[in-house]
Student: 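Here you go, one structure.
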Amino acid sequence: SSGINAEYGRWHENTADSVAAQSSWDNHKKRNDSIITDLFHGQYRSRLECPDCQKVSKIFDPFMYMSVSLPRKEEKIRDIDIIWLHPDKKRTRYKIITPREGQVIDLLYAMEKASGLSADRMMLCELSQSIIESTISTTHKLRDIREGRYSLCVFEREPQLPVIKVYNAYKGYTSYLKYFGNPLVVQVPKEDMSYKDFVIMLYLRMSRYVQLTEEQLQSEDTLPFKIKSVNQFGVEQSHDLCNEEENLNITMANGKQVAYIAIVWDLDAKDEYFNIDLCNAMDYDDSYRTTKARKNEVDLADCIEMYCRQETLNEDNMWYCPNCKDFKQASKKLDLWKLPSVLVIHLKRFCYSRHWRDKIETMVKFPLHDLSLDKYLLSSEHKDMRYDLKGVVNHYGGLGGGHYTATCLSDTSNKWHVFDDSHVSSAGPEKPVSPSAYVLFYVRQEQGTNGANGNGTAEPMDVN
(Lines give C-alpha, C1' and ligand atoms only; values in the text may rest on other atoms or scores of the structure.)
Protein backbone atom coordinates (compact mmCIF):
# COMPACT_ATOMS: atom_id res chain seq x y z
CA SER A 1 0.00 0.00 0.00
CA SER A 2 2.91 2.36 0.63
CA GLY A 3 4.20 1.81 -2.92
CA ILE A 4 7.67 0.74 -1.75
CA ASN A 5 9.10 -2.63 -2.74
CA ALA A 6 10.74 -3.69 0.51
CA GLU A 7 12.68 -6.55 -1.03
CA TYR A 8 14.47 -4.47 -3.64
CA GLY A 9 14.24 -0.99 -2.08
CA ARG A 10 12.61 0.46 -5.20
CA TRP A 11 9.25 2.09 -5.84
CA HIS A 12 6.48 0.28 -7.71
CA GLU A 13 5.91 1.64 -11.18
CA ASN A 14 2.32 2.70 -10.37
CA THR A 15 3.44 4.96 -7.51
CA ALA A 16 3.27 8.64 -8.45
CA ASP A 17 6.73 10.15 -8.90
CA SER A 18 5.87 13.11 -6.68
CA VAL A 19 4.86 10.79 -3.81
CA ALA A 20 7.92 8.55 -4.18
CA ALA A 21 10.31 11.51 -4.50
CA GLN A 22 8.97 13.37 -1.48
CA SER A 23 8.92 10.26 0.71
CA SER A 24 12.52 9.40 -0.30
CA TRP A 25 13.63 12.99 0.35
CA ASP A 26 11.95 13.07 3.78
CA ASN A 27 13.69 9.83 4.74
CA HIS A 28 17.01 11.22 3.53
CA LYS A 29 16.54 14.41 5.55
CA LYS A 30 15.81 12.42 8.72
CA ARG A 31 19.24 10.80 8.47
CA ASN A 32 21.15 13.75 6.99
CA ASP A 33 19.71 16.97 8.43
CA SER A 34 22.54 19.50 8.07
CA ILE A 35 23.52 22.68 6.28
CA ILE A 36 25.45 20.52 3.78
CA THR A 37 22.21 18.75 2.85
CA ASP A 38 20.33 22.07 2.68
CA LEU A 39 22.87 23.69 0.35
CA PHE A 40 24.47 20.93 -1.73
CA HIS A 41 22.08 17.98 -1.97
CA GLY A 42 19.77 17.40 -4.92
CA GLN A 43 17.75 14.40 -6.03
CA TYR A 44 17.51 12.29 -9.17
CA ARG A 45 15.28 9.50 -10.37
CA SER A 46 16.81 6.26 -11.67
CA ARG A 47 14.49 4.21 -13.88
CA LEU A 48 15.18 0.62 -14.97
CA GLU A 49 13.15 -1.34 -17.51
CA CYS A 50 13.44 -5.04 -18.29
CA PRO A 51 13.98 -5.66 -22.04
CA ASP A 52 11.87 -8.85 -21.95
CA CYS A 53 8.86 -8.25 -19.69
CA GLN A 54 9.01 -4.42 -19.59
CA LYS A 55 8.94 -4.45 -15.81
CA VAL A 56 9.76 -0.91 -14.58
CA SER A 57 11.60 -0.17 -11.35
CA LYS A 58 12.47 3.30 -10.11
CA ILE A 59 14.34 4.78 -7.19
CA PHE A 60 14.86 8.35 -6.01
CA ASP A 61 18.33 9.00 -4.65
CA PRO A 62 20.10 12.12 -3.35
CA PHE A 63 23.27 13.49 -4.91
CA MET A 64 25.82 15.98 -3.65
CA TYR A 65 27.42 16.62 -7.02
CA MET A 66 26.87 15.64 -10.63
CA SER A 67 29.76 13.60 -11.99
CA VAL A 68 29.46 13.95 -15.76
CA SER A 69 31.46 12.19 -18.48
CA LEU A 70 33.06 14.10 -21.31
CA PRO A 71 32.19 13.10 -24.87
CA ARG A 72 35.49 11.66 -26.03
CA LYS A 73 37.04 12.87 -29.23
CA GLU A 74 36.83 10.28 -31.96
CA GLU A 75 40.49 10.52 -32.94
CA LYS A 76 43.80 10.11 -31.16
CA ILE A 77 47.36 11.07 -32.11
CA ARG A 78 49.93 8.32 -31.63
CA ASP A 79 53.72 8.11 -31.95
CA ILE A 80 54.71 4.90 -33.75
CA ASP A 81 58.14 3.74 -34.96
CA ILE A 82 59.05 1.49 -37.87
CA ILE A 83 62.09 -0.81 -37.76
CA TRP A 84 62.83 -1.63 -41.36
CA LEU A 85 64.17 -4.78 -42.99
CA HIS A 86 66.78 -2.85 -44.95
CA PRO A 87 69.86 -2.54 -42.72
CA ASP A 88 70.75 0.96 -43.94
CA LYS A 89 67.42 2.46 -42.88
CA LYS A 90 67.26 3.88 -39.38
CA ARG A 91 64.34 3.37 -37.07
CA THR A 92 61.79 5.99 -38.15
CA ARG A 93 59.21 7.73 -35.98
CA TYR A 94 55.79 8.78 -37.25
CA LYS A 95 52.96 10.73 -35.70
CA ILE A 96 49.61 9.52 -36.99
CA ILE A 97 45.94 10.13 -36.30
CA THR A 98 43.88 7.01 -35.61
CA PRO A 99 40.28 6.35 -34.60
CA ARG A 100 39.98 6.06 -30.83
CA GLU A 101 37.49 3.19 -30.93
CA GLY A 102 38.72 1.28 -33.99
CA GLN A 103 40.85 -1.81 -34.41
CA VAL A 104 44.58 -2.23 -34.93
CA ILE A 105 44.05 -2.71 -38.67
CA ASP A 106 42.84 0.93 -38.79
CA LEU A 107 46.14 1.99 -37.24
CA LEU A 108 48.12 -0.07 -39.74
CA TYR A 109 46.25 1.50 -42.65
CA ALA A 110 47.09 4.95 -41.27
CA MET A 111 50.75 3.89 -41.02
CA GLU A 112 50.62 2.56 -44.59
CA LYS A 113 49.42 5.96 -45.81
CA ALA A 114 52.15 7.79 -43.88
CA SER A 115 55.08 5.47 -44.60
CA GLY A 116 54.30 3.74 -47.90
CA LEU A 117 54.86 0.35 -46.26
CA SER A 118 52.04 -2.09 -47.04
CA ALA A 119 49.94 -2.97 -44.00
CA ASP A 120 50.33 -6.71 -44.68
CA ARG A 121 54.10 -6.30 -44.19
CA MET A 122 53.67 -4.79 -40.71
CA MET A 123 53.88 -6.49 -37.33
CA LEU A 124 52.78 -4.18 -34.51
CA CYS A 125 54.42 -4.70 -31.13
CA GLU A 126 54.59 -3.12 -27.69
CA LEU A 127 58.19 -2.41 -26.69
CA SER A 128 59.69 -1.99 -23.25
CA GLN A 129 63.10 -0.50 -24.00
CA SER A 130 64.98 -3.32 -25.79
CA ILE A 131 62.37 -6.05 -25.22
CA ILE A 132 59.27 -6.88 -27.29
CA GLU A 133 56.56 -7.17 -24.64
CA SER A 134 53.78 -8.35 -26.93
CA THR A 135 52.65 -8.67 -30.53
CA ILE A 136 49.29 -7.00 -31.19
CA SER A 137 46.88 -8.71 -33.59
CA THR A 138 45.05 -6.76 -36.28
CA THR A 139 41.70 -7.45 -34.58
CA HIS A 140 42.85 -6.01 -31.25
CA LYS A 141 40.85 -2.96 -30.14
CA LEU A 142 42.77 0.31 -30.14
CA ARG A 143 41.31 1.37 -26.79
CA ASP A 144 42.97 -1.66 -25.13
CA ILE A 145 46.50 -0.71 -26.19
CA ARG A 146 48.49 -0.08 -23.01
CA GLU A 147 49.40 3.58 -23.46
CA GLY A 148 52.24 5.20 -21.57
CA ARG A 149 53.79 2.04 -20.21
CA TYR A 150 55.05 0.73 -23.55
CA SER A 151 56.02 2.29 -26.87
CA LEU A 152 54.46 1.15 -30.14
CA CYS A 153 56.68 -0.15 -32.91
CA VAL A 154 56.01 -1.67 -36.32
CA PHE A 155 58.47 -4.25 -37.61
CA GLU A 156 58.66 -4.72 -41.37
CA ARG A 157 58.43 -8.39 -42.27
CA GLU A 158 57.62 -10.66 -45.21
CA PRO A 159 54.02 -11.91 -45.18
CA GLN A 160 53.40 -15.60 -44.45
CA LEU A 161 56.92 -16.42 -43.20
CA PRO A 162 57.32 -17.22 -39.47
CA VAL A 163 59.07 -14.56 -37.40
CA ILE A 164 61.92 -14.87 -34.91
CA LYS A 165 62.43 -11.94 -32.54
CA VAL A 166 66.07 -11.02 -32.02
CA TYR A 167 67.61 -9.22 -29.01
CA ASN A 168 71.12 -8.00 -28.31
CA ALA A 169 72.41 -8.79 -24.83
CA TYR A 170 75.50 -9.15 -22.67
CA LYS A 171 76.23 -10.88 -19.39
CA GLY A 172 78.74 -8.50 -17.94
CA TYR A 173 79.84 -9.62 -14.50
CA THR A 174 76.67 -11.59 -13.71
CA SER A 175 74.97 -14.63 -15.18
CA TYR A 176 71.85 -12.64 -16.07
CA LEU A 177 71.36 -11.31 -19.57
CA LYS A 178 71.12 -7.53 -19.92
CA TYR A 179 69.48 -6.30 -23.10
CA PHE A 180 70.41 -3.23 -25.13
CA GLY A 181 69.80 -1.63 -28.51
CA ASN A 182 66.85 -2.06 -30.84
CA PRO A 183 65.24 -5.49 -31.16
CA LEU A 184 64.92 -7.00 -34.64
CA VAL A 185 62.83 -9.60 -36.37
CA VAL A 186 64.26 -12.16 -38.82
CA GLN A 187 62.58 -14.78 -40.95
CA VAL A 188 64.04 -18.08 -42.07
CA PRO A 189 63.28 -18.47 -45.79
CA LYS A 190 63.97 -22.24 -45.96
CA GLU A 191 64.03 -25.22 -43.62
CA ASP A 192 67.54 -26.44 -44.44
CA MET A 193 69.34 -23.13 -43.88
CA SER A 194 72.89 -23.56 -42.65
CA TYR A 195 73.79 -22.10 -39.30
CA LYS A 196 76.58 -20.09 -40.92
CA ASP A 197 74.12 -18.51 -43.40
CA PHE A 198 71.84 -17.66 -40.49
CA VAL A 199 74.70 -15.92 -38.68
CA ILE A 200 75.55 -13.95 -41.83
CA MET A 201 71.88 -13.01 -42.24
CA LEU A 202 71.84 -11.68 -38.66
CA TYR A 203 75.06 -9.76 -39.23
CA LEU A 204 73.77 -8.15 -42.42
CA ARG A 205 70.69 -6.97 -40.56
CA MET A 206 73.01 -5.22 -38.06
CA SER A 207 75.73 -4.13 -40.52
CA ARG A 208 74.90 -0.41 -40.13
CA TYR A 209 76.11 -0.42 -36.53
CA VAL A 210 78.11 -3.67 -36.17
CA GLN A 211 81.44 -4.05 -37.96
CA LEU A 212 83.00 -7.51 -38.19
CA THR A 213 85.66 -8.94 -40.48
CA GLU A 214 85.08 -11.78 -42.93
CA GLU A 215 87.35 -14.00 -40.85
CA GLN A 216 85.21 -13.46 -37.75
CA LEU A 217 82.15 -14.69 -39.61
CA GLN A 218 83.74 -17.95 -40.72
CA SER A 219 82.92 -20.03 -37.66
CA GLU A 220 81.21 -19.89 -34.29
CA ASP A 221 84.59 -19.96 -32.56
CA THR A 222 85.71 -16.66 -34.12
CA LEU A 223 82.46 -14.75 -33.52
CA PRO A 224 82.54 -12.11 -30.75
CA PHE A 225 79.07 -13.28 -29.62
CA LYS A 226 77.00 -16.40 -29.01
CA ILE A 227 73.46 -16.92 -30.28
CA LYS A 228 71.12 -18.30 -27.64
CA SER A 229 67.51 -19.37 -27.65
CA VAL A 230 65.51 -17.44 -25.03
CA ASN A 231 61.89 -17.35 -23.94
CA GLN A 232 59.52 -14.40 -24.12
CA PHE A 233 60.89 -13.07 -20.82
CA GLY A 234 64.47 -13.10 -22.12
CA VAL A 235 65.57 -16.13 -20.07
CA GLU A 236 67.97 -18.58 -21.75
CA GLN A 237 66.58 -21.94 -22.88
CA SER A 238 68.51 -25.20 -23.22
CA HIS A 239 68.19 -25.52 -26.98
CA ASP A 240 71.11 -25.71 -29.41
CA LEU A 241 70.44 -23.65 -32.54
CA CYS A 242 73.18 -25.45 -34.49
CA ASN A 243 72.64 -29.17 -35.09
CA GLU A 244 75.21 -31.85 -35.83
CA GLU A 245 74.99 -31.16 -39.60
CA GLU A 246 75.76 -27.50 -38.84
CA ASN A 247 72.31 -26.50 -40.03
CA LEU A 248 70.02 -24.12 -38.23
CA ASN A 249 67.79 -25.92 -35.75
CA ILE A 250 64.75 -23.80 -34.79
CA THR A 251 62.44 -26.68 -33.81
CA MET A 252 62.55 -27.34 -30.09
CA ALA A 253 62.03 -30.68 -28.34
CA ASN A 254 58.35 -29.88 -27.72
CA GLY A 255 57.82 -29.39 -31.45
CA LYS A 256 57.39 -25.62 -31.21
CA GLN A 257 59.48 -23.19 -33.21
CA VAL A 258 62.02 -20.95 -31.55
CA ALA A 259 60.35 -17.55 -31.24
CA TYR A 260 63.10 -15.53 -29.52
CA ILE A 261 66.87 -15.50 -29.74
CA ALA A 262 69.52 -13.39 -28.03
CA ILE A 263 72.82 -12.34 -29.55
CA VAL A 264 74.94 -12.50 -26.39
CA TRP A 265 78.05 -10.33 -26.61
CA ASP A 266 81.20 -10.54 -24.60
CA LEU A 267 81.39 -7.27 -22.68
CA ASP A 268 84.65 -6.13 -24.25
CA ALA A 269 83.55 -7.24 -27.74
CA LYS A 270 80.30 -5.28 -27.39
CA ASP A 271 82.20 -2.08 -26.75
CA GLU A 272 84.60 -2.77 -29.62
CA TYR A 273 82.27 -3.93 -32.40
CA PHE A 274 78.79 -2.64 -31.53
CA ASN A 275 78.16 1.08 -32.06
CA ILE A 276 75.23 1.75 -29.74
CA ASP A 277 74.79 5.35 -30.93
CA LEU A 278 74.34 4.25 -34.54
CA CYS A 279 71.99 1.49 -33.42
CA ASN A 280 69.75 3.90 -31.51
CA ALA A 281 69.86 6.64 -34.15
CA MET A 282 66.37 7.74 -35.16
CA ASP A 283 64.87 9.41 -38.23
CA TYR A 284 61.74 11.53 -37.82
CA ASP A 285 59.15 11.58 -40.56
CA ASP A 286 57.64 14.93 -41.57
CA SER A 287 54.38 13.79 -39.95
CA TYR A 288 56.09 13.93 -36.57
CA ARG A 289 56.49 17.68 -36.92
CA THR A 290 53.33 18.57 -38.84
CA THR A 291 50.58 16.39 -37.35
CA LYS A 292 48.64 18.33 -34.74
CA ALA A 293 45.55 17.56 -32.74
CA ARG A 294 42.38 19.02 -34.15
CA LYS A 295 40.73 21.60 -31.96
CA ASN A 296 38.32 19.76 -29.72
CA GLU A 297 35.64 21.47 -27.68
CA VAL A 298 32.40 20.33 -26.11
CA ASP A 299 29.64 22.19 -24.31
CA LEU A 300 28.66 21.46 -20.73
CA ALA A 301 25.19 20.77 -22.10
CA ASP A 302 26.65 17.82 -24.08
CA CYS A 303 28.10 16.37 -20.87
CA ILE A 304 24.81 16.72 -18.98
CA GLU A 305 23.02 15.18 -21.96
CA MET A 306 25.27 12.12 -21.64
CA TYR A 307 24.63 12.02 -17.87
CA CYS A 308 20.86 11.79 -18.48
CA ARG A 309 20.97 9.64 -21.62
CA GLN A 310 19.33 6.23 -21.57
CA GLU A 311 21.82 3.37 -21.62
CA THR A 312 21.78 -0.41 -21.64
CA LEU A 313 23.55 -2.09 -18.74
CA ASN A 314 26.53 -4.21 -19.76
CA GLU A 315 27.01 -7.89 -18.93
CA ASP A 316 29.12 -7.05 -15.86
CA ASN A 317 26.42 -4.84 -14.36
CA MET A 318 23.10 -6.57 -15.02
CA TRP A 319 19.89 -5.94 -13.04
CA TYR A 320 17.85 -8.70 -11.39
CA CYS A 321 14.30 -8.52 -12.75
CA PRO A 322 11.82 -9.66 -10.06
CA ASN A 323 9.31 -10.69 -12.75
CA CYS A 324 11.67 -12.77 -14.87
CA LYS A 325 13.60 -14.03 -11.83
CA ASP A 326 16.83 -13.54 -13.75
CA PHE A 327 19.56 -10.97 -14.36
CA LYS A 328 18.85 -8.74 -17.36
CA GLN A 329 20.68 -6.10 -19.38
CA ALA A 330 18.03 -3.54 -18.51
CA SER A 331 17.77 -0.06 -19.95
CA LYS A 332 18.65 2.62 -17.40
CA LYS A 333 17.70 6.31 -17.43
CA LEU A 334 18.70 9.04 -14.99
CA ASP A 335 16.61 12.21 -14.66
CA LEU A 336 17.03 15.16 -12.33
CA TRP A 337 14.18 15.76 -9.91
CA LYS A 338 15.32 18.32 -7.35
CA LEU A 339 18.24 20.75 -7.69
CA PRO A 340 20.31 22.13 -4.79
CA SER A 341 21.09 25.74 -3.94
CA VAL A 342 24.78 25.14 -4.72
CA LEU A 343 25.23 22.91 -7.75
CA VAL A 344 28.59 21.13 -7.98
CA ILE A 345 29.49 19.58 -11.35
CA HIS A 346 32.49 17.24 -11.57
CA LEU A 347 33.96 16.81 -15.05
CA LYS A 348 35.24 13.24 -15.34
CA ARG A 349 38.59 13.93 -17.01
CA PHE A 350 40.20 10.68 -15.88
CA CYS A 351 39.17 7.43 -17.56
CA TYR A 352 40.34 3.87 -17.12
CA SER A 353 40.07 0.47 -18.76
CA ARG A 354 41.73 -2.86 -18.13
CA HIS A 355 44.87 -1.91 -20.08
CA TRP A 356 45.05 1.87 -20.23
CA ARG A 357 44.47 5.08 -18.34
CA ASP A 358 44.02 8.50 -19.82
CA LYS A 359 43.31 12.12 -18.94
CA ILE A 360 40.92 13.93 -21.25
CA GLU A 361 42.21 17.43 -22.01
CA THR A 362 39.11 18.49 -23.95
CA MET A 363 37.99 22.09 -23.52
CA VAL A 364 34.53 22.12 -21.92
CA LYS A 365 32.66 25.37 -22.58
CA PHE A 366 30.33 26.30 -19.74
CA PRO A 367 28.32 29.45 -19.01
CA LEU A 368 29.32 31.97 -16.35
CA HIS A 369 25.69 33.04 -15.94
CA ASP A 370 22.16 31.73 -16.34
CA LEU A 371 22.87 27.99 -16.45
CA SER A 372 19.51 26.25 -16.80
CA LEU A 373 18.85 22.54 -16.36
CA ASP A 374 15.11 22.75 -17.01
CA LYS A 375 15.18 20.32 -19.92
CA TYR A 376 16.61 17.60 -17.67
CA LEU A 377 14.18 18.16 -14.76
CA LEU A 378 11.13 15.93 -14.34
CA SER A 379 9.57 17.92 -11.51
CA SER A 380 7.71 21.03 -12.63
CA GLU A 381 7.93 22.66 -9.19
CA HIS A 382 11.71 22.80 -9.43
CA LYS A 383 11.91 24.36 -12.90
CA ASP A 384 12.76 27.94 -13.87
CA MET A 385 15.95 27.94 -11.83
CA ARG A 386 19.08 29.70 -13.05
CA TYR A 387 22.64 29.30 -11.78
CA ASP A 388 25.73 31.50 -11.89
CA LEU A 389 29.30 30.25 -11.73
CA LYS A 390 31.14 31.13 -8.51
CA GLY A 391 34.24 28.94 -8.62
CA VAL A 392 36.26 26.36 -10.55
CA VAL A 393 38.80 23.81 -9.33
CA ASN A 394 41.49 23.27 -11.98
CA HIS A 395 43.77 20.27 -12.43
CA TYR A 396 47.09 20.56 -14.26
CA GLY A 397 49.22 17.53 -15.11
CA GLY A 398 48.45 13.91 -15.84
CA LEU A 399 47.77 10.58 -14.18
CA GLY A 400 51.17 10.30 -12.56
CA GLY A 401 50.87 13.60 -10.70
CA GLY A 402 49.46 17.06 -10.97
CA HIS A 403 48.65 20.39 -9.37
CA TYR A 404 45.36 21.92 -8.30
CA THR A 405 44.38 25.59 -8.37
CA ALA A 406 41.08 27.41 -7.90
CA THR A 407 39.49 30.26 -9.87
CA CYS A 408 36.84 32.04 -7.81
CA LEU A 409 34.53 35.06 -8.07
CA SER A 410 34.72 37.52 -5.19
CA ASP A 411 31.34 38.50 -3.72
CA THR A 412 32.78 41.86 -2.66
CA SER A 413 34.64 42.98 -5.80
CA ASN A 414 32.71 40.88 -8.37
CA LYS A 415 36.07 40.03 -9.94
CA TRP A 416 37.73 36.69 -10.66
CA HIS A 417 40.88 35.59 -8.83
CA VAL A 418 43.24 32.63 -9.21
CA PHE A 419 44.27 30.85 -6.00
CA ASP A 420 47.52 28.91 -6.52
CA ASP A 421 48.85 27.62 -3.20
CA SER A 422 49.77 30.78 -1.28
CA HIS A 423 49.67 33.01 -4.37
CA VAL A 424 46.51 34.93 -5.34
CA SER A 425 46.23 36.91 -8.58
CA SER A 426 43.51 38.72 -10.49
CA ALA A 427 41.98 37.13 -13.59
CA GLY A 428 39.71 38.17 -16.42
CA PRO A 429 36.20 36.75 -16.94
CA GLU A 430 37.57 34.36 -19.60
CA LYS A 431 39.91 32.65 -17.13
CA PRO A 432 37.45 30.16 -15.53
CA VAL A 433 36.74 28.39 -18.84
CA SER A 434 39.86 26.36 -19.68
CA PRO A 435 40.90 22.78 -20.58
CA SER A 436 42.06 22.40 -16.95
CA ALA A 437 38.61 22.99 -15.43
CA TYR A 438 37.80 19.99 -13.25
CA VAL A 439 35.06 20.86 -10.72
CA LEU A 440 32.48 23.65 -11.25
CA PHE A 441 30.58 25.44 -8.48
CA TYR A 442 27.30 27.12 -9.44
CA VAL A 443 25.06 29.10 -7.07
CA ARG A 444 21.34 29.39 -7.70
CA GLN A 445 20.02 32.85 -8.44
CA GLU A 446 17.41 34.30 -6.15
CA GLN A 447 13.92 34.27 -7.65
CA GLY A 448 13.35 37.33 -9.82
CA THR A 449 17.06 37.97 -10.54
CA ASN A 450 19.28 37.00 -13.45
CA GLY A 451 22.93 36.86 -14.21
CA ALA A 452 23.08 40.26 -15.86
CA ASN A 453 22.18 42.72 -13.11
CA GLY A 454 24.33 45.53 -14.37
CA ASN A 455 27.69 44.14 -13.27
CA GLY A 456 27.24 40.71 -14.85
CA THR A 457 26.70 38.80 -11.60
CA ALA A 458 23.72 37.36 -9.80
CA GLU A 459 22.44 38.65 -6.49
CA PRO A 460 24.40 36.87 -3.74
CA MET A 461 22.51 34.06 -2.04
CA ASP A 462 22.44 33.97 1.74
CA VAL A 463 24.09 30.74 2.78
CA ASN A 464 24.39 31.61 6.47
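Since we're looking at a predicted model, the values are computed, not measured.
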Student: Distance-only, no hydrogens or angles: does the S130 side chain make a donor-acceptor pair with backbone N or O of G181 under 3.5 Å?
Tutor: yes

Student: Show the numbers, then the answer: is there a salt bridge (charged side-chain N to carboxylate O under 4.0 Å, His left out) between D38 and K29?
Tutor: CA-CA 9 Å; D38 294 341; K29 284 280 287 183; 2.7 Å; yes

Student: Take R289 and Y284 through the test side chain to side chain contact (heavy atoms under 4.5 Å, CB included) and record every step on the way to the result.
Tutor: CA-CA 8 Å; R289 293 178 287 272; Y284 291 86; 3.8 Å; yes

Student: Counting N and O atoms only, with roles assigned by atom type, does the side chain of N27 sit under 3.5 Å from a partner on the main chain of S23, one being a donor and the other an acceptor?
Tutor: yes

Student: Answer yes if the ring centres of W25 and F60 are under 6.0 angstrom apart, and no otherwise.
Tutor: no

Student: Could you check K89, R121, H86 and say which one makes a side-chain hydrogen bond (donor to acceptor under 3.5 Å, both in side chains) with E156?
Tutor: R121

Student: Just checking K333: does its NZ atom have more than 12 heavy atoms from other residues, nucleotides or ligands closer to it than 6.0 angstrom?
Tutor: yes

Student: Please round to the nearest 0.5 Å and tell me the distance separating atom CG of N32 and atom OG1 of T37.
Tutor: 5.0 Å

Student: Measuring from atom NZ of K76 to atom CD1 of I97, what distance do you get when rounded to the nearest 0.5 angstrom?
Tutor: 12.0 Å

Student: Apply the test side chain to side chain contact (heavy atoms under 4.5 Å, CB included) to residues C153 and I83: give CA-CA distance (whole Å), side-chain angles for both, the deciding distance (0.1 Å), then the verdict.
Tutor: CA-CA 7 Å; C153 186; I83 293 181; 3.7 Å; yes

Student: List the atom of P432, the atom of L389, and the distance in Å for their closest heavy-atom pair.
Tutor: CB-CD2, 3.9 Å

Student: If you take all heavy atoms of A262 and V230, which pair is closest and at what distance?
Tutor: CB-CG1, 3.8 Å

Student: Report yes if the side chains of I136 and C125 come closer than 4.5 Å at any heavy-atom pair, otherwise no.
Tutor: no

Student: Please tell me if the side chains of I345 and L300 come closer than 4.5 Å, counting only heavy atoms from C-beta onward.
Tutor: yes

Student: With a 4.0 Å cut-off, would you call K95 and D79 a salt bridge?
Tutor: yes

Student: So for atom OH, which belongs to Y65, do other residues, nucleotides or ligands contribute more than 12 heavy atoms lying within a distance under 6.0 Å?
Tutor: no

Student: How long is the span from the CH2 atom in W337 to the OG atom in S24, to the nearest 0.5 Å?
Tutor: 10.5 Å

Student: I want to know whether F63 and H41 have ring centres closer than 6.0 Å.
Tutor: no

Student: Ignoring hydrogens and geometry, is there a side-chain-to-backbone donor-acceptor pair from N314 to D316 under 3.5 Å?
Tutor: yes

Student: Taking all heavy atoms of W319 and all of A330, pick out the closest pair and write down the distance.
Tutor: CE3-CB, 3.6 Å

Student: Under 3.5 Å, side chain of Y167 to main-chain N/O of G234, donor-acceptor pair present?
Tutor: no

Student: Side-chain donor-acceptor contacts of residues 305-313 below 3.5 Å, not counting sequence neighbours, with atom names and distances?
Tutor:
| unit_1 | atom_1 | unit_2 | atom_2 | d |
| --- | --- | --- | --- | --- |
| E305 | OE1 | K375 | NZ | 3.4 |
| E305 | OE1 | Y376 | OH | 3.4 |

Student: Is it the case that the side chain of S46 and the backbone of I59 share a donor-acceptor pair, with hydrogens and angles ignored and the cut-off at 3.5 Å?
Tutor: no

Student: Please tell me whether W84 and T92 have a donor and an acceptor in their side chains that are separated by less than 3.5 angstrom.
Tutor: yes

Student: Salt bridge or not for D33 and K30, using N-O below 4.0 Å?
Tutor: no

Student: In Å, rounded to the nearest 0.5 Å, how long is the span from NZ of K348 to CZ of F350?
Tutor: 12.5 Å

Student: Would Y404 and H395 count as a close aromatic pair, with their ring centres under 6.0 Å?
Tutor: yes

Student: Do you see a donor-acceptor pair shorter than 3.5 Å between the side chains of Q329 and N317?
Tutor: no

Student: Between I164 and Q257, is any pair of side-chain heavy atoms under 4.5 Å apart?
Tutor: yes

Student: Among D81, D283, D285, which residue satisfies the salt bridge (Lys or Arg N to Asp or Glu O under 4.0 Å) criterion with R91?
Tutor: D81

Student: Does CD in Q129 sit with more than 12 non-hydrogen atoms of other residues, nucleotides or ligands closer than 6.0 Å?
Tutor: no

Student: Got a second to check how far S434's OG is from K365's NZ, nearest 0.5 Å?
Tutor: 13.5 Å

Student: Using atom types as modelled and distance alone, determine if a side-chain donor or acceptor of E236 lies under 3.5 Å from a backbone N or O of S229.
Tutor: no

Student: Which is it for I80 and R78 under the side chain to side chain contact (heavy atoms under 4.5 Å, CB included) test, yes or no, and what are the steps along the way?
Tutor: CA-CA 6 Å; I80 303 180; R78 302 176 190 270; 4.2 Å; yes

Student: In terms of side-chain heavy atoms, does N394 have a donor or acceptor partner in H403 at a distance below 3.5 Å?
Tutor: no

Student: How about F40 and F441: are their ring centres within less than 6.0 Å of each other?
Tutor: no

Student: Report yes if the side chains of M123 and T135 come closer than 4.5 Å at any heavy-atom pair, otherwise no.
Tutor: yes

Student: Can you tell whether the side chains of K58 and D335 come within less than 4.0 Å, N to carboxylate O?
Tutor: no

Student: For V185, is there any backbone N or O sitting under 3.5 Å from a side-chain donor or acceptor partner on R205?
Tutor: yes

Student: What I'd like to find out is whether the side chain of N168 reaches to under 4.5 Å of the side chain of M206, using heavy atoms alone.
Tutor: yes

Student: Is the closest side-chain heavy-atom distance between M66 and H346 below 4.5 Å?
Tutor: no

Student: To the closest 0.5 Å, what do you measure between CG (D286) and OH (Y94)?
Tutor: 9.5 Å

Student: Could you pull out the closest heavy-atom pair between S118 and E112, with the gap in Å?
Tutor: CA-OE2, 3.3 Å

Student: Donor-acceptor pair, R349 side chain versus P435 backbone, under 3.5 Å?
Tutor: yes

Student: Shortest non-hydrogen contact from K328 to D52?
Tutor: NZ-OD2, 2.7 Å

Student: Do P183 and K165 touch side chain to side chain, with heavy atoms closer than 4.5 Å?
Tutor: no

Student: With a 3.5 Å distance limit and no angle check, can you tell me whether N254 reaches the backbone of K256 through a side-chain donor-acceptor pair?
Tutor: yes

Student: Indicate the atoms forming the closest heavy-atom contact of V104 with S137, along with that distance.
Tutor: CB-O, 3.3 Å

Student: Does some side-chain heavy atom of E133 sit less than 4.5 Å from a side-chain heavy atom of L127?
Tutor: no

Student: Using modelled atom types only, decide if a donor and an acceptor are shared between the side chain of D388 and the backbone of D370 within a distance under 3.5 Å.
Tutor: yes

Student: Using distance alone, with no hydrogens and no angle criterion, decide if Q103 and T139 have a side-chain donor and acceptor under 3.5 Å apart.
Tutor: no

